[in-house]
Amino acid sequence: MRLSRYFLPVLREDPKEAEIVSHRLMLRGGMIRQEAAGIYSWLPLGLRVLKKIENIVRREMDRAGALEMLMPTLQPADLWRRSGRYDDYGKEMLRIVDRHERDLLYGPTNEEMVTDIVARFVQSYKQLPLNLYHIQWKFRDEIRPRFGVMRGREFLMKDAYSFDLTREDGEHAYNRMFVAYLRTYAALGLKAIPMRAETGPIGGNLSHEFLILAETGESQVFFDAAFHEKDWAAFDIDYDDRAAVARVVEEFTTMYAATEEMHDNVKFEQQVPEGRRVSGRGIEVGHIFFFGDKYTRPLGAKVLGPDGKEVYLQSGSYGIGVSRLVGAIIEASHDEAGIVWPEPVAPFQVGIINLRQGDAACDSACEGLHDALEKAGMEVLYDDASERAGEKFARMDLIGLPWQVIIGPRGLKDGVAEVKHRATGARENVGLEQVGAYLAESWRAHEGMVWQGRLSSYGSR
RNA sequence: CGGGGCGUAGCGCAGUCUGGUAGCGCACCUGCUUUGGGAGCAGGGGGUCGCAGGUUCGAAUCCUGCCGCCCCGACCA
């Protein structure tokens, strides 16, 4: 993609409404534009990141056996009256009346709807287990939206819902999602620590939230430094092997980790040796719940079991804040110059900077490389603007593409381009002909990496 | 919803106290010179001063009402 044909409205100065880093960088980098408090348009660059995250989430959900579907943003109020949440949810729920005076609402979540679907179509235990999910926009009319897309009113969420015959089956479904979440965050290049959570208005009794560490996190977290030593890479797992899945859950839940609401200082000090007690701020990027028959009972989701008896289904729900993750990742990965995208979610893999636009040698070298890289399947953004070097460097650093190829008359004399790694700042002169191979190899080396920095660098920025 | 603040050109701001018909920097357009970390010179375009009333010969400025946005708190993925 040539920058001259792209739409990337970067801002030189910080918009005054943005306080926290991710919000500032997203606005400055031309990723989003605010339309109202907590409501954003996603510009091309921002959308690319959003889609990458969405696709990784989708891939891992599919891998864990969940089935994608799509439910509407608007829901009939009746469904919510049946579960009793129409009144319970309060003003956070955006209520709408259509031309026939029917009450609708912009869905803040989908337990009622999916449970109703299952109730209608599932009659036998033979149709179980079932895990249905969708990735859809939600709306919660927050009292005070803030932090850009991290706490917007409209947000993109992946929400999955499991349905099982027995409590044991339901818990296995919960465990599967737990493991799928570990894998998902690892695939995004993140370490998200699972912490036992309160169940809040969604209800139920088994619940964990997943937090990534960042200075600007909304809640205080306390955990065992042993989490640092865990293998966070996207390990393989047989999701049907109940014992194996349970073992992973066990492994990640025995170490102490709690948000401030659940924190118990006495236990913390008993369970964690002094040198390993870590405290910091965390951003919640996922939340899973198991709630038994809390929704299936009022909505009549029951099946006949093998014994011919009617049983209410055991269900759980599993959310990942997809749009929130865009901001959260930036909070966890940036420097003074701008965003530092983890490879898997970068909007483009490589940026090419032409330092002397209009110079025949520079132009042809850049164009040749651009075409060759695209042909090789890489996502490339070629800065072909006729601006000064400084502006190009600053812009490329701001939008945080993992690799930059800098081409100017100076290096071209010797037939080389300069390849810069955004995360480390490391630069290397590479022969023009070798750039493609060099990038392909570098990419492979970094792609699957769960960055060491993610956990240990907390507090250093 | 309580407390605080802001709304003037695409962005960041001055001007408001003390009323006189709108300005600065960046960005943008044209030309020339420049070109490895946000260039220089010259010329140029762009604003119903958030909205609605009111006071006044005259309102960005004073008064009243409304709207929007941000920050802190209580609340949340």
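Quick note: numbers below take in every heavy atom, side chains included, and nothing from hydrogens, waters or symmetry partners. The chains referred to below are lettered A, B, ... by the order of the sequence lines, with proteins before strands, and numbering in each begins at 1. From a predicted model like this one, the values you see are computed outputs, not experimental measurements.
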Nearest to side-chain heavy atoms of A/Ile143, which nucleotide of B/rC69, B/rC1, B/rU35 =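 Of the options given, the side chain of A/Ile143 lies nearest B/rC1.
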Touch class at under 4.0 angstrom, heavy-atom based, for [X] against every strand present:
{"X": "A/Asp397", "answer": "base"}
{"X": "A/Glu209", "answer": "nothing"}
{"X": "A/Glu17", "answer": "sugar-phosphate"}
{"X": "A/Gly408", "answer": "base"}

Separation between the [atom1] atoms of [N] and [M], rounded to whole Å:
{"N": "B/rC69", "M": "B/rU34", "atom1": "P", "answer": "50 Å"}
{"N": "B/rG38", "M": "B/rU48", "atom1": "P", "answer": "36 Å"}
{"N": "B/rA74", "M": "B/rC28", "atom1": "C1'", "answer": "45 Å"}

Side-chain N or O of [X] versus OP1/OP2 of [N]: is the shortest distance under 4.0 Å?
{"X": "A/Arg146", "N": "B/rG73", "answer": "yes"}
{"X": "A/Gln34", "N": "B/rC70", "answer": "yes"}
{"X": "A/Arg395", "N": "B/rG37", "answer": "no"}

Using distance only, find each side-chain donor-acceptor pair of residues 430-441 of chain A under 3.5 Å and give its atom names and separation, not counting sequence neighbours.
residue	atom	partner	partner atom	Å
A/Tyr438	OH	A/Glu428	OE1	3.0

request  = Determine whether A/Val278 and A/Phe227 make a side-chain contact, defined as any pair of heavy atoms from C-beta on separated by less than 4.5 Å.
outcome  =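 Side chain of A/Val278 against side chain of A/Phe227, heavy atoms only: no contact under 4.5 Å found.
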